[in-house]
Amino acid sequence: MARRALTTTAAAFATTAALLLTACGGGDDSSSDDIKGAGNSSSSPSDSASPSAGSDVKRPVIKLPSSFRLTFENWTSSDPVEQAVLNDGKEELRAGYAAVIANDPDSEAVTFYDTEGVRGQTKQWIKSYTDKDLTVIGKLPAFDPKVVMAENGRGAALTYCTDETDAKTKNRKTGKVEGNPAGTNPYVRYSLSLAKNEQGVWQNSSVRGERGKCSR
């Protein structure tokens, strides 16, 4: 279920009708998946919002159902700026999956956390589910987040991993549940670039996923 892995995901779906649970992004490597996301000392429930520290901006409330547990392991930093990046990166990831589950490719929450340049890619990723009447269920841990700040303080690089072992797709009409094809490595590493907008929100400006680049 790789996000942003539109080429890989589409090919897998065409042959197995199973859409990998990873995120959107770019890249031409057929083994890569494109996506979004980012770190907390303990797992966070999928329905808990995480507003960025020190920000008075009114962020969208994002809720995920108990049928899809998106958790975040060790997503904390002692640096308040890095924590703000982690918080907004986390909410951007949650917004994408919430849009899939809500069957809403035009989600306002996704628009809030994406720069204009990647919103079209994110919408395409969401529609790769919704156009086929698919939603997501199961568990998807996001772990091992790392943040590197740009010298000017207006940009940041975020990497994290996901484990798709217990993540599934479910057809809304038939109820058919499927996971990744047999033999698929369940671990995906995501690399994101984030830019701080005028309101102080760290928005996703690019994302790339690489399958098999993480382990637990």
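Quick caveat, the model's predicted, so the values are computed rather than measured.
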Side chain proximity check, [X] to [Y], heavy atoms < 4.5 angstrom:
X: Leu86; Y: Thr76; value: no
X: Arg59; Y: Val201; value: yes
X: Phe72; Y: Leu93; value: yes

Give the minimum heavy-atom separation between [X] and [Y], together with the two atoms involved.
X: Arg211; Y: Glu164; answer: NH1-OE1, 3.0 Å
X: Val85; Y: Leu194; answer: CG1-CD1, 4.2 Å
X: Ser205; Y: Thr115; answer: CA-OG1, 3.4 Å
X: Thr130; Y: Pro105; answer: OG1-CG, 3.7 Å
X: Ala95; Y: Val110; answer: O-CG2, 3.5 Å
X: Asp88; Y: Gly200; answer: OD2-O, 4.3 Å

Arg172: partners by salt bridge (Lys or Arg N to Asp or Glu O under 4.0 Å), with sequence neighbours left out: none

Salt bridge (Lys or Arg N to Asp or Glu O under 4.0 Å) against Lys173, all qualifying residues, sequence neighbours excluded: Asp133

Tell me which pairs pass disulfide (SG to SG under 2.5 Å) where either residue lies in [range], with sequence neighbours left out.
range: residues 75-156; answer: none
range: residues 59-139; answer: none
range: residues 125-177; answer: Cys161-Cys214

Positive for side-chain hydrogen bond (donor to acceptor under 3.5 Å, both in side chains) with Ser77, one of Gln83, Lys146, Glu82: Glu82

Once you round to the nearest 0.5 Å, how far does [atom1] of [X] lie from [atom2] of [Y]?
X: Lys196; Y: Asn152; atom1: NZ; atom2: CG; value: 10.5 Å
X: Thr71; Y: Leu140; atom1: OG1; atom2: CG; value: 7.5 Å
X: Ile101; Y: Ile126; atom1: CD1; atom2: CD1; value: 11.0 Å
X: Lys176; Y: Lys170; atom1: NZ; atom2: NZ; value: 14.0 Å
X: Lys123; Y: Thr111; atom1: NZ; atom2: OG1; value: 9.0 Å
X: Leu134; Y: Lys168; atom1: CG; atom2: NZ; value: 14.0 Å

Less than 4.0 Å between a side-chain N and a carboxylate O, is that true for Asp166 and Arg69? no

Check Glu116 with Arg119, please: is the shortest side-chain N to carboxylate O separation under 4.0 Å? no

Report the hydrophobic cluster partners of Phe143, with the cluster defined as I, L, V, M, F, W, Y residues connected by side-chain heavy atoms closer than 4.5 angstrom, directly or transitively. Tyr187

Where the side chain of [X] meets the backbone of [Y], is there a donor-acceptor pair that is under 3.5 Å apart?
X: Arg94; Y: Leu70; result: no
X: Ser193; Y: Ala157; result: no
X: Ser107; Y: Asp104; result: no
X: Glu73; Y: Asp144; result: no

Would you call the rings of Trp125 and Tyr97 parallel, tilted or perpendicular if under 30° counts as parallel and over 60° as perpendicular? perpendicular

Shared hydrophobic cluster, Val57 / Tyr113 (ILVMFWY, side-chain heavy atoms < 4.5 Å): yes

